There are 2 protein chains.
Amino acid sequence: MVHKMSQDHLSTTFAALADPTRRAILARLALGETSVTELAEPFAMSLPAISKHLKVLERAGLIARGREAQWRPCRIKAGALKDVDTWLENYRRFWDESFDRLDAYLQKLQGKEKRHARKQRKH
Amino acid sequence: MVHKMSQDHLSTTFAALADPTRRAILARLALGETSVTELAEPFAMSLPAISKHLKVLERAGLIARGREAQWRPCRIKAGALKDVDTWLENYRRFWDESFDRLDAYLQKLQGKEKRHARKQRKH
């Protein structure tokens with residue numbers, strides 16, 4: 001059940017990301033939180049159109065909005081994107097050889113550290 | 001123009017991923033290439049329904065299909081998912097502190113190696 005819920009959540013996130021304007025909004029918010037008016041400026045879009053996109057992003061947990069009545073700043077939320085990253089993890093080996101090499105290197109380092117710690121305990 | 005095209009491509013990819021059945025198909029294909037019939041088995045879905053999902057995945061560049069008339073094996077393609085990973089790169093700093101630490105650590109290591117190389121050249 002939890003698995004199914006998290007799958008639906010991923011679907012909502014991917015659907016929200018499947019739009020260039022919404023990705024552009026996220027890119028803008030990555031620079032810092034901002035008001036809806038400010039956010040709308042570079043898009044040549046009506047405020048209601050931008051608000052609709054923001055609602056989709058908010059429902060997907062990609063952004064959060066402040067509760068101040070006058071100025072409701074939008075900011076990026078990391079959680080949903082982190083879930084996408086976790087999902088991608090299983091596929092990374094299909095393209096990222098350097099990732100494998102780094103992983104092997106870190107395991108080797110960890111091994112060395114463990115041996116070193118064991119040696120120090122003996123002294 | 002190239003930028004816009006690649007944005008549309010990302011939208012197509014994200015839209016294709018916004019479905020639990022299509023993500024389950026990818027997860028199966030991550031284990032190895034397989035025929036459509038074999039792929040359909042665990043889904044309790046008709047072959048035409050599965051074929052429709054496969055077409056969406058294929059159009060998004062997420063899978064490729066063999067050209068053999070009888071047995072058209074499906075296999076995963078890394079390119080489109082790699083593009084998602086590249087897109088995510090800009091947002092990773094919002095959740096991955098350990099990534100920052102690793103990055104700092106690797107830069108330190110590189111620095112050490114460079115100094116070491118310079119020393120060796122002097123000898």
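Each chain gets a letter, A, B and so on, in the order its sequence line appears, and its residues count up from 1. No hydrogens, no waters, no symmetry mates; every other heavy atom, side chains included, goes into these values. Here the structure is a predicted model, which is why all the values come from computation and not from measurement.
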Quiz item: side-chain contact (heavy atoms from CB on, under 4.5 Å) between B:W95 and A:D85: does it pass, once the steps are laid out?
Solution: CA-CA 10 Å; B:W95 67 85; A:D85 196 42; 3.6 Å; yes
Quiz item: B:L47, B:I25: one ILVMFWY side-chain cluster at the under-4.5 Å cut-off?
Solution: yes
Quiz item: Rounded to the nearest 0.5 Å, how far apart are CG of A:D8 and CG of B:D19?
Solution: 10.0 Å
Practice problem: Give the C-alpha distance, both sets of side-chain angles, the deciding distance and a yes or no for side-chain contact (heavy atoms from CB on, under 4.5 Å) between A:L81 and B:F94. | Solution: CA-CA 9 Å; A:L81 285 179; B:F94 287 105; 5.9 Å; no
Quiz item: Taking all atoms of both residues into account, what is the closest heavy-atom pair of B:Y91 and A:L26, and its distance?
Solution: OH-C, 3.5 Å
Quiz item: Are A:I76 and A:V56 joined in one hydrophobic group, where the rule is that I, L, V, M, F, W and Y side chains link up if heavy atoms are under 4.5 Å apart?
Solution: no
Quiz prompt | Common cluster, A:M45/A:L39, ILVMFWY with side-chain heavy-atom separation under 4.5 Å | solution = yes
Quiz item: Side chains of B:L17 and A:W87: closer than 4.5 Å at any heavy-atom pair?
Solution: yes
Quiz item: Which bit of A:A16 is near chain B, if near means a heavy-atom gap under 4.5 Å: side chain, backbone, both or neither?
Solution: neither
Quiz item: Partners of A:R22 by salt bridge (Lys or Arg N to Asp or Glu O under 4.0 Å), sequence neighbours excluded?
Solution: none
Quiz item: Nearest heavy-atom pair of A:R23 and B:S11: which atoms, and what distance?
Solution: NH1-OG, 3.1 Å
Quiz item: Are B:L10 and A:L62 connected, step by step, through hydrophobic side chains (Ile, Leu, Val, Met, Phe, Trp, Tyr) whose heavy atoms are closer than 4.5 Å?
Solution: yes
